[in-house]
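These notes concern the structure reproduced below.
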Amino acid sequence: MTDGRILVTGANGYLGRHVARHLLTHTDRPLLLWARAGTAAEARAKVAPLLRDVPGAADRVRYTGGDLSGDDPFAGVATGDLTAIVHTAAVTSFTVEHDVAQRVNTAGTARLLELARRCPRLDSVCLFSSLYATGLQAGPITELPAPVPSAGFANAYERSKWAAEAYAFGQTDLPVSVLRVATVLADDESGRAGQHNAVHNTLRLLRLGLLGLMPGLPDTPVYLTTADVTARAAAAAVSQSATGVFHVADRAADSLTLARTMDVAFDVFGADPGFARRRVARPEYADLHSYTLLADSSRSFGASVLGQALTSLLPFAAQLYVAKDVANDRLRALLPDHRPLDAAALLAATCRNLLADARSPDVRR
């Protein structure tokens, strides 16, 4: 059944919006767009302005809303004509508290799957997860359900996404696919980013000369992707009624190391006269214990710039010491035309856009 309506949750979020745009542009499927909202009218007010420039969107889209942390977040969803679900809604902050992450990401996914069981025509449920749902596990990372990592997790967000995956794969009667998405650096290969994340914040600190110490090991792979690749993977998973795990990430050989990431950023920022005048030194690498001690002690500085810079990296710092060897054979089978991103070019374009944004008084991040 590939002609029914597709439910996209989190449609006013960064990736949900990109998925909705891709489906509207590249398929003729009708959509039901769900946003965190008290009513369908509120959901429409949040999402519709984001799709005004998409031809035909008004005629193919319905809206509904709810709250993933509530008892019945999908009460407003009509299930009769749904044949696919793409679940992007989540709290994605690395600083999220454990109970909030569990309530929204884990229990919210369970409620989404309860909805899936009420859809008589359903043939695909695509769940968005994170490459870091595998926690602090080093070495080969396969496209399979992951056991609880013996090394643990860097933060509550990662743990909640692992738990959501584990619950989903326990529901063997449902056609579930899981996209473990790498760090989304930009909308596409232009390097423009409609939403900034921890990587952009780190690059901003580097540009400002506030990153004297860098947690991590120089050879740690840095896995990056774009919203465009992620949306294409979701559309393919739905159209092919795919099941199982897919890593929306390129392999280590096609990715940057942490040291190369710093090199590319310095090359771009170094061309900026202001950066050059400040004679910003490259950050020194610190072991995790030393970095954590320094960041913790910086809290006594209050709201100082140094303290904010050090503590902002803490929630994901442990991942920068973990060399994951990520497989993506199943992604490449799902997207036969996919070619590895030029990670250095993508990062350089992103850094140039960050510089341009910093010079523009009209940019507010």
Side-chain angles (χ1 to χ4, degrees), residues 10 12-22 25 49-54 88 92-94 130-131 181-211 214 216 221-233 248-250 254-283 305 308-309 312-313 316 319-320 338-365:
N12 62 318
Y14 179 59
L15 289 178
R17 182 168 73 248
H18 276 273
V19 170
R21 281 177 169 274
H22 184 91
T25 303
L50 306 175
L51 302 175
R52 280 178 182 156
D53 59 339
V54 180
T88 77
T92 59
S93 170
F94 289 148
S130 167
L131 197 61
V181 183
T183 300
V184 179
L185 187 65
D187 300 350
D188 50 37
E189 292 180 87
S190 71
R192 293 300 306 174
Q195 176 174 292
H196 286 183
N197 55 36
V199 173
H200 300 97
N201 185 52
T202 302
L203 293 171
R204 181 179 67 86
L205 293 173
L206 185 67
R207 178 182 60 79
L208 293 173
L210 298 175
L211 200 61
M214 183 71 194
V222 176
Y223 292 100
L224 305 173
T225 191
T226 66
D228 175 64
V229 171
T230 306
R232 288 197 292 114
V248 186
D250 291 323
D254 299 312
S255 300
L256 302 175
T257 63
L258 183 57
R260 180 65 179 139
T261 300
M262 293 293 103
D263 288 344
V264 171
F266 256 83
D267 286 346
V268 174
F269 294 150
D272 176 64
F275 186 85
R277 279 196 302 272
R278 291 196 298 274
R279 298 182 180 180
V280 176
R282 291 174 182 265
V305 173
Q308 292 179 46
S312 69
L313 274 65
F316 67 96
Q319 286 289 358
L320 298 177
H338 175 70
R339 298 293 178 268
L341 294 167
D342 185 334
L346 175 65
L347 177 61
T350 301
C351 290
R352 285 192 290 271
N353 285 318
L354 290 174
L355 277 175
D357 290 347
R359 297 185 189 115
S360 172
D362 298 325
V363 173
R364 298 289 182 268
R365 290 293 181 191

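Any value given below was found using the heavy atoms of this structure, including those in side chains, with hydrogens, waters and symmetry copies removed. These numbers come from a predicted model, not from an experiment.
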Does Asp188 come within less than 4.0 Å of Arg192, counting only side-chain N to carboxylate O?
-> no

Hey, are the side chains of Val184 and Gln195 touching, using non-hydrogen atoms and a 4.5 Å cut-off?
-> no

If you look at every heavy atom in Val268 and Arg352, which pair is closest and at what distance?
-> CG1-CG, 3.6 Å

Working to the nearest 0.5 Å, report the span between SG of Cys351 and CZ of Phe266.
-> 11.0 Å

Measure the CG-CG distance between Leu313 and Leu211 for me, rounded to the nearest 0.5 Å.
-> 6.0 Å

Quick one: closest heavy-atom pair of Ala186 and Thr350, and the distance?
-> CB-OG1, 4.1 Å

Does a side chain donor of either His338 or Asp250 reach within less than 3.5 Å of an acceptor in the other side chain?
-> yes

Check whether any side-chain heavy atom of Asn201 lies under 4.5 Å from a side-chain heavy atom of His196, and answer yes or no.
-> no

Going from CG on Leu185 to CG on Leu346, what distance comes out if it is rounded to the nearest 0.5 angstrom?
-> 4.5 Å

For the residue pair Phe316 and Thr202, establish whether any side-chain heavy-atom pair is separated by less than 4.5 Å.
-> yes

Do Asp272 and Arg207 pass the salt bridge (charged side-chain N to carboxylate O under 4.0 Å, His left out) test, and can you show the C-alpha distance, the side-chain angles, and the key distance before you say yes or no?
-> CA-CA 10 Å; Asp272 176 64; Arg207 178 182 60 79; over 6 Å; no

Minimum heavy-atom separation for Gly16 to Thr88, with atom names?
-> CA-OG1, 3.4 Å

So do Leu206 and Met214 actually touch side chain to side chain, heavy atoms under 4.5 Å?
-> no

Can any side-chain N or O of His22 pair as donor or acceptor with the backbone N or O of Val19 at less than 3.5 Å?
-> no

Exam field: side chain Arg21 to backbone Leu50, donor-acceptor pair closer than 3.5 Å | yes

Separation between CZ (Arg204) and CG (Leu354), nearest 0.5 Å, reads 10.0 Å

Starting at CG of Leu347, measure out to CZ of Arg260 and round the result to the nearest 0.5 Å.
-> 9.0 Å

Would you find a donor on one side and an acceptor on the other, under 3.5 Å apart, between the side chain of Tyr14 and the backbone of Asp187?
-> yes

Whether Asn353 side chain and Ala193 backbone form a donor-acceptor pair below 3.5 Å = no

